[in-house]
Amino acid sequence: MGSDDLFHKRKQRVAASLKRKKARIAPYDRVLIVCEGAKTEPNYFKEIRDAYRLSTANIEICGEECGSDPLSVVKYAIRKFREDKDYDRVYCVLDRDKHATFDAAIDKLGQTRLGKDVVFKAITSEPCFEFWLLLHFGYTTRQFCAPGNASNCELVISELNNRKLIPGYKKGASNIFDLTRRMLSDAIKHAQQLQKHNHAVGSSHPATNMHELVEYLISLNTTLV
């Protein structure tokens with residue numbers, strides 16, 4: 001009898017916990033954001049989530065556990081969705097840089113359909129996320145090409161530091177959204193301008209569509225826009 005009571009109480013606690021979790025889900029899309037970066041990109045999106053008071057039950061952000069190459073990120077996103085099919089949108093945040101699996105990742109994402117009405121999209125930057133940050137400070141079509149096996153992204157990071165745009169910036173940094181937020185509208189405008197330029201000249205370096213995900217997230221809380 002005692003064990004029956006214990007089982008019943010445990011069942012009640014689980015049900016109550018599920019009810020509380022359901023209550024925290026806001027009346028907008030459930031979104032999964034899977035990042036290639038272990039800290040930089042997850043930190044940035046968590047800061048946006050906090051700044052615009054978006055529900056953590058709606059906006060899930062993964063980073064360190066996803067792998068460090070584009071194909072691993074896409075595979076993780078697919079696996080994560082199949083474990084929980086309640087997501088309305090799944091985004092894979094990827095850097096091109098010199099990753100050998102970038103093209104394979106884009107192909108796999110394009111060939112995978114998660115559900116009839118589920119958005120499954122790549123958010124890519126060439127060469128890297130830091131180029132999106134650079135666009136906060138001005139428009140540029142400069143290509144960042146490091147010799148040999150050196151990372152193209154390191155050139156962008158050097159630009160942010162040498163021009164003292166974000167002094168001391170390095171991978172894994174936090175509070176970056178707050179530091180750049182006042183220039184966000186400029187970054188969006190510059191990213192849109194670059195998309196039009198790239199389309200006109202048939203280029204993809206440099207490039208980013210980070211603004212599409214950022215604008216979408218902000219739109220979920222119209223009271224603070």
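- Taken to the nearest 0.5 Å, the SG atom of C66 stands 10.0 Å off from the CD atom of E36.
- Side-chain heavy atoms closer than 4.5 Å link hydrophobic residues (I, L, V, M, F, W, Y) into clusters, and following such links, possibly through other members, connects M183 to L165.
- For D186, there are no salt bridge (charged side-chain N to carboxylate O under 4.0 Å, His left out) partners, not counting sequence neighbours.
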Begin from the C-alpha positions of T56 and R49 and carry the test side chain to side chain contact (heavy atoms under 4.5 Å, CB included) through to its verdict. CA-CA 8 Å; T56 57; R49 184 178 63 189; 3.7 Å; yes

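- S204 and N198 make their closest contact through CA-ND2, 4.4 Å (heavy atoms, listed as atom of the first residue, atom of the second, distance).
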Using the rule given for side chain to side chain contact (heavy atoms under 4.5 Å, CB included), can you reason through L194 versus T141, listing the C-alpha separation, both sets of side-chain angles and the distance that settles it, and then say yes or no? CA-CA 7 Å; L194 183 60; T141 60; 3.9 Å; yes

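- Residue pairs satisfying the salt bridge (charged side-chain N to carboxylate O under 4.0 Å, His left out) criterion with at least one member in residues 54-66, sequence neighbours excluded, are listed as follows: E60-K80.
- Contact of the H211 side chain with the W132 side chain is registered, since non-hydrogen atoms from C-beta on lie closer than 4.5 Å.
- Expressed to the nearest 0.5 Å, how far CD1 of I61 lies from CG of N43 amounts to 9.5 Å.
- Note: the hydrophobic cluster containing L32 does not contain Y91 (ILVMFWY, side chain heavy atoms under 4.5 Å, direct or indirect links).
- With hydrogens and angles ignored, the 3.5 Å screen pairs a side-chain donor or acceptor of N58 with a backbone N or O of A26.
- Each of L71, V73, T101 was checked for a side chain to side chain contact (heavy atoms under 4.5 Å, CB included) with L94, and the lone residue meeting it is V73.
- No chain of hydrophobic side-chain contacts below 4.5 Å, direct or via other Ile, Leu, Val, Met, Phe, Trp or Tyr residues, connects F102 to L155.
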Given side chain to side chain contact (heavy atoms under 4.5 Å, CB included), test K98 with N152 step by step and report yes or no. CA-CA 7 Å; K98 292 184 178 179; N152 294 334; 3.3 Å; yes

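- Interatomic distance, OG of S174 versus NZ of K39, reported as 9.5 Å (0.5 Å rounding).
- From I166, atom CD1 reaches atom CD1 of I157 across 10.5 Å, with rounding to the nearest 0.5 Å.
- Under the rule for a salt bridge (charged side-chain N to carboxylate O under 4.0 Å, His left out), the partners of E130 that lie at least two apart in sequence or sit in another chain are K171.
- A single hydrophobic cluster is not seen to contain both F129 and Y76; linkage of ILVMFWY side chains at heavy-atom distances under 4.5 Å, directly or through other members, places them apart.
- With hydrogens and angles ignored, the 3.5 Å screen pairs no side-chain donor or acceptor of E126 with any backbone N or O of A207.
- To the nearest 0.5 angstrom, R30 atom CZ is 5.5 Å from D86 atom CG.
- The backbone N or O of S151 sits nowhere less than 3.5 Å from a side-chain atom of D97 that would complete a donor-acceptor pair.
- In this structure, the side chain of S72 does not engage the main chain of S68 through any donor-acceptor pair within 3.5 Å.
- Put simply, the side chain of N161 never gets that close to the backbone of P167: no donor and acceptor are under 3.5 Å apart.
- Screening residues 177-208 for ring pair (Phe, Tyr, Trp, His ring centres under 6.0 Å), with sequence neighbours left out, gives Y44-F177.
- Rounding to the nearest 0.5 Å places CG of D95 at 9.0 Å from OG1 of T40.
- Taking both residues in full, the closest heavy atoms of T180 and H136 are given as O-CD2, 3.4 Å, listed atom of the first, atom of the second, then distance.
- Looking at residues two or more places apart in sequence or on another chain, you find no salt bridge (charged side-chain N to carboxylate O under 4.0 Å, His left out) involving D178.
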Would you mind writing out the side-chain donor-acceptor pairs for residues 106-122 within the sub-3.5 Å range, not counting sequence neighbours?
unit_1, atom_1, unit_2, atom_2, d
T112, OG1, K108, O, 2.7
K121, NZ, E212, OE1, 2.6

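- The two residues T140 and P206 have their closest heavy-atom pair at O-CG, 4.4 Å.
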Between Y169 and L179, is the side chain to side chain contact (heavy atoms under 4.5 Å, CB included) condition met? List the steps. CA-CA 11 Å; Y169 177 86; L179 288 173; over 6 Å; no

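- Between V31 and L54 the shortest side-chain heavy-atom distance does not fall below 4.5 Å.
- Cation-pi geometry between R96 and F131 is not satisfied (NZ or CZ under 6.0 Å from the ring centre, within 45° of the ring normal).
- Between the side chain of Y28 and the backbone N or O of S55, at least one donor-acceptor pair lies under 3.5 Å.
- Side chain of E47 to backbone of I176: a donor-acceptor contact under 3.5 angstrom is found.
- Of all the heavy atoms in G63 and P42, the pair that sits closest is CA-CG, 3.7 Å.
- Cluster annotation: L134 and I123 are assigned to the same hydrophobic cluster (Ile/Leu/Val/Met/Phe/Trp/Tyr, side-chain heavy-atom contacts under 4.5 Å, transitive).
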